[in-house]
Amino acid sequence: MARWCYQHRLVVLLLWVGALFGLGFSASTAGTNYANVFSLPDTDSKSAYDLMEKAFPNTSGDTDTVVWKVDEGSVRDQAVRDRIRPVLEDIAKMPGVGAVTSPYDARGAAQVSKDGTIAYAQVTFAKRANEVPKELVQDVVDTAQGADRAGLQVELGGQAIQRVQEPPQGLSEGVGIVAAAVVLFLAFGSFFAMTLPIAIAVFGVGTGLFATQLLSHTTDVPDIAPLLASLIGLGVGIDYALFIVTRHRKGIQRGLDPEEAAVTALNTSGRAVLFAGGTVCIALAGMLVTRLRFLDGVVIGTSLTVVLSVLAATTLLPALLGFLGPRVLSRRQRRRLAAQGPEPEGASGLAARWSTAVQKRPRRTAALALVFMAVLAVPVLSLRLGATDQGNDDASTTTRKAYDLLAEGFGPGFNGPLQVVTEGGETSALVKGLQDTPGVAQVAALPPARGVTVIQVVPTTSPQSVETDRLIDRLRDDVIPAAGVEAHVGGVTAVSKDFSTVTGDRLPLFIATIIGLGFLLLLVAFRSLVVPLTAALMNLIAAAASFGVLVAIFQWGWGLELLGLGKEGPINAFLPVIMLSLLFGLSMDYQVFLVSRMHEEWVHTRDNARAVRVGLAETSRVINSAALIMVCVFMAFVLSGDSGAAMAGVGLAAAVALDAFILRTALVPAAMHLLGDSNWWLPKGLEKRLPHLAVEPKEEAPSPEVRAGGPASAVHGFVRTADGEPVAGAAVTLLSGGGRQLDRVESLADGSYIVSVPAPGTYLLATTAPTYGSRARQVVVGEGPLVYDVELAEGEVDAVN
């Protein structure tokens, strides 16, 4: 497939451009129909919602609030009335505004605080918040704030108002792409190579978002789904292309023509990309076991975007590589290739030196990494799930100011009233019981409608307070049963509490599901029990540390002002499920890319120490570059204006950074060095039963240059350092062209070695020593023995393939 896409690059490019613009046109024509469905079956708040829907079926429009405060006098003063009343009348006349309830009318007489300094008006739109045109909402904001003057403060709150104060759509994605472009340019040193991962991400995310927008007309997709889809899509799209382009560039530098380099890159890194994308989708699909309808649309949007990103990386990318040819290398690299010829196989520099250092001190490396992660995980012990509201917005926003004014004038609980809903029966005993309940500031029973009575209960504490959660439990467990009626507690605060409870209850099942699925995938891919067990443990460590960072920032408030993220509060109840899905998927990506390279080396040499050292040396730089790009993309979502997306962005940025820079670069290789050959242990009975799913390409057949049945021969010589000192105990391995081990010996005290050769032909001679680097070179053996001396140097690692 890679060769076909490379050779028919214009057709592939036109197909992708047509798909992007076709979906974009269809989506813009159809518009959006996102819906946040928080209702939970078999919960008390859902029962309350169903009764309210029966009593008030036509109250579907969003109701927002205009709040004003006077520094002196009263809001009832004639001067204030004359300034506010015309504004409210102008708003009521706007097309799309259903009604305005003013405190200066009889119906709104209670909308003035006791001290008379704060009042509010309710603006009911004809549609839900996400369907109200932003132009209309902006007109409401501008008109209302036009009444603001010295001594009179006017602010607005509500879901529709919050939408117009968000940054421009696409700002976070644009900032993330620019930051990723800078990292890619530094990594590649080539403008053309830099544009490839960006282009793949744009096509993958673009088609994914447009498809999700169209699907919102057929199923419930929450409005946070596109943000999360673009967040994960940008990250994986750039990363997957980065892995393939890096392998392609390495192939050209080692003498392959561009087409063969592209085919080889797709046949190696491309396979790992397909497998990694599958693990991300499986991790995302794990959210479905929670049976939370709100998350179904998130799964659809994010999984679709990941699938399209993988498809773009495996089809569009080879086509674009065909257009670029050798220009995927920088000019300096092309000049060096022309002047000096192909580069030798191997890794050197910082990556190789670090890999050797981890091998020398695995216990110390593992201990330091574990202590660091454990310290970061400590805050997770105080994790509290809940829901953010406009009280968590930045202090400079009008929604936060309106929230604070309402809390000041009418009490902290006014921003999150509870609705006690009952059908039929006498409610006077219930109302009396509610009024006498500690923690209740105000009780108001609305006139019955269709046999349903709604009693508005205003707590004395804020919606996010622990005391408010306890009040809800007290009402359900004690007050309502004591009144002898059947009633249910609803409202946004009660729904949030139920959502948090259900999420917390189902979280263990969800974690067990995604860990189990990931374990099975890695078990089949790497034919090992220890590798998937290590991966599962590392994923749990990464999750605990990243949630510790999240709690410290968003729940404890450390650094919130610095990040401009408003006020501290509980962690969004849906975030652990979404974040764990993304984290486990991305962690599996890095595990697959790292361990697949180690496994490749292990299959060829059966030397665990060498396999771990080579795998880390060859992949650590690209994994760290990929992680840095993801951190930039995720942190850019702090600018999204959505608190949920900002939380997810910060949490995932911390998770990816810790996973790549601490776990995959230090703890995983250190643990694999300590475990030795047992890393690759698999019971024989299980080996026979497992299906074969190869992350690496099939091993090549033995070199045709090896003539079976020819006379036996040998390769012998000395293993020395760059200074000519003999290296004793170095492992010298002879392999066939297909990677099959033919002989293996250790050098003697004087550095001498000799390996037997079955017949004349071309072989691979791999040499490695614990305190030095390693060498892997092709040797051509004729009719007689071949003398071949090996020089080992620290900080250099040669790969077998």
Side-chain angles (χ1 to χ4, degrees), residues 268-269 271-272 275-276 279 355-356 358-359 362-363 365-366 515-539 587-620 623 663-700 731-736 738-744 746 764 766-770 774 776 797-801:
T268 51
S269 295
R271 286 171 177 263
F275 189 81
T279 61
S355 181
T356 304
V358 171
Q359 182 184 2
R363 286 183 176 81
T365 303
I515 286 181
L517 291 173
F519 176 87
L520 291 175
L521 275 174
L522 293 182
L523 174 66
V524 173
F526 297 122
R527 326 298 292 179
S528 162
L529 278 176
V530 178
V531 166
L533 279 173
T534 305
L537 182 61
M538 297 301 164
N539 286 344
S587 295
M588 284 295 185
D589 279 4
Y590 294 144
Q591 184 77 358
V592 167
F593 287 117
L594 175 65
V595 178
S596 63
R597 186 64 191 90
M598 294 176 179
H599 188 249
E600 206 173 345
E601 202 74 17
W602 164 257
V603 167
H604 289 153
T605 66
R606 297 294 165 176
D607 183 338
N608 177 76
R610 175 189 170 83
V612 175
R613 186 169 69 247
V614 170
L616 178 60
E618 286 215 337
T619 60
S620 62
I623 285 176
L663 294 185
R664 310 300 155 185
T665 307
L667 189 52
V668 169
M672 293 183 75
H673 276 302
L674 292 171
L675 291 168
D677 290 356
S678 60
N679 282 308
W680 315 104
W681 176 75
L682 184 69
K684 290 184 179 179
L686 189 58
E687 166 69 34
K688 294 177 182 178
R689 291 178 174 82
L690 286 179
H692 285 268
L693 179 65
V695 179
E696 305 94 9
K698 288 183 179 179
E699 209 175 292
E700 297 176 4
V732 182
T733 308
L734 185 75
L735 304 110
S736 69
R740 184 164 48 90
Q741 182 175 311
L742 302 174
D743 195 14
R744 177 184 173 86
E746 289 189 359
L764 201 66
T767 310
T768 181
S774 61
V797 178
D798 279 349
V800 164
N801 52 329

Can you find a pair of side-chain heavy atoms, one from [X] and one from [Y], that are under 4.5 Å apart?
{"X": "Leu675", "Y": "Thr534", "result": "yes"}
{"X": "Leu523", "Y": "Leu682", "result": "yes"}
{"X": "Leu522", "Y": "Val595", "result": "no"}
{"X": "Val358", "Y": "His673", "result": "yes"}

Where do [X] and [Y] come nearest, in terms of heavy atoms and distance?
{"X": "Arg610", "Y": "Thr767", "value": "NH1-O, 3.9 Å"}
{"X": "Leu616", "Y": "Arg664", "value": "CD1-O, 3.9 Å"}
{"X": "Ala276", "Y": "Thr279", "value": "O-OG1, 2.5 Å"}
{"X": "Gly615", "Y": "Thr619", "value": "O-OG1, 2.5 Å"}
{"X": "Leu663", "Y": "Met538", "value": "CD1-O, 3.3 Å"}
{"X": "Asp607", "Y": "Ala731", "value": "OD2-CB, 4.5 Å"}

For the pair Thr768 and Val614, evaluate side chain to side chain contact (heavy atoms under 4.5 Å, CB included) and give the outcome as yes or no after the intermediate values. CA-CA 10 Å; Thr768 181; Val614 170; over 6 Å; no
Using atom types as modelled and distance alone, determine if a side-chain donor or acceptor of [X] lies under 3.5 Å from a backbone N or O of [Y].
{"X": "Thr365", "Y": "Ala666", "result": "no"}
{"X": "Asn679", "Y": "Met672", "result": "yes"}
{"X": "Ser355", "Y": "Arg613", "result": "yes"}

Measure the spacing between CH2 of Trp602 and CZ of Arg527 and express it to the nearest 0.5 Å. 15.0 Å
Can you tell me how far apart CG (Leu537) and CZ (Phe519) are? Round to the nearest 0.5 Å. 12.5 Å
Output all residues satisfying side-chain contact (heavy atoms from CB on, under 4.5 Å) with Leu517, sequence neighbours left out; order by chain, then residue number.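 For Leu517 the side-chain contact (heavy atoms from CB on, under 4.5 Å) partners, ignoring immediate neighbours, are Ile282, Thr513.
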Step-by-step side chain to side chain contact (heavy atoms under 4.5 Å, CB included) determination, Leu521 to Phe526: CA-CA 9 Å; Leu521 275 174; Phe526 297 122; over 6 Å; no
Decide yes or no on side chain to side chain contact (heavy atoms under 4.5 Å, CB included) for Val531 and Met598, but give the supporting numbers first. CA-CA 11 Å; Val531 166; Met598 294 176 179; over 6 Å; no
Determine, stepwise, if the pair Gln591 / Val668 fulfils side chain to side chain contact (heavy atoms under 4.5 Å, CB included). CA-CA 9 Å; Gln591 184 77 358; Val668 169; 4.2 Å; yes
